[in-house]
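As structure tokens, the structure follows; a few thoughts come after it.
Everything quoted here is computed from the prediction, not taken from an experiment. By convention here, the first residue in the shown sequence is residue 1.
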Amino acid sequence: MIARHAPGGEDPRRALTSAELQAASDRARPRVARKGGSDALGLGAGLLGACLLGAFTLVSLSQGRAQASGAAAAAQASFTRRMK
């Protein structure tokens, strides 16, 4: 079991210098929690991917609607010709 306090009842961290305390703090954090480089590249790539996916969806839905309305117009014209 790790002792939380020094035998005198004091916190052992108070005896450390600020540099030693900073080094201990850096080693205590997991590697993924340490400040690394910027996340701007990942954010930009994700944003670009989302925009491309949205544009693809918009274009494909628009083309499908244009083809469907053309087919509906042809069916309506055919029906109208038969009724005359």
Side-chain angles (χ1 to χ4, degrees):
M1 182 172 176
I2 299 173
R4 297 256 182 219
H5 297 287
E10 276 191 42
D11 188 353
R13 293 172 289 188
R14 292 187 185 264
L16 297 175
T17 65
S18 62
E20 291 171 332
L21 191 58
Q22 180 64 40
S25 177
D26 287 342
R27 286 190 302 268
R29 282 188 232 135
R31 190 168 287 243
V32 295
R34 293 182 191 156
K35 180 149 176 66
S38 174
D39 291 335
L41 182 63
L43 179 67
L47 188 61
L48 179 65
C51 288
L52 288 175
L53 183 61
F56 173 75
T57 303
L58 180 69
V59 168
S60 64
L61 288 173
S62 178
Q63 287 177 350
R65 188 172 200 172
Q67 291 170 355
S69 65
Q76 180 68 27
S78 172
F79 179 75
T80 306
R81 274 187 251 129
R82 279 190 258 151
M83 295 302 287
K84 289 184 179 181

Ser18: what forms a side-chain contact (heavy atoms from CB on, under 4.5 Å) with it, not counting sequence neighbours? none

Holding to side-chain hydrogen bond (donor to acceptor under 3.5 Å, both in side chains), I want the full list of residues that pass it with Thr17, two or more places apart in sequence or in another chain. Glu20

Donor-acceptor under 3.5 Å (Ser62 side chain, Leu58 main chain): no

Share the residues that join Leu52 in a hydrophobic cluster, the rule being Ile, Leu, Val, Met, Phe, Trp or Tyr side chains under 4.5 Å apart at the heavy-atom level. Leu48

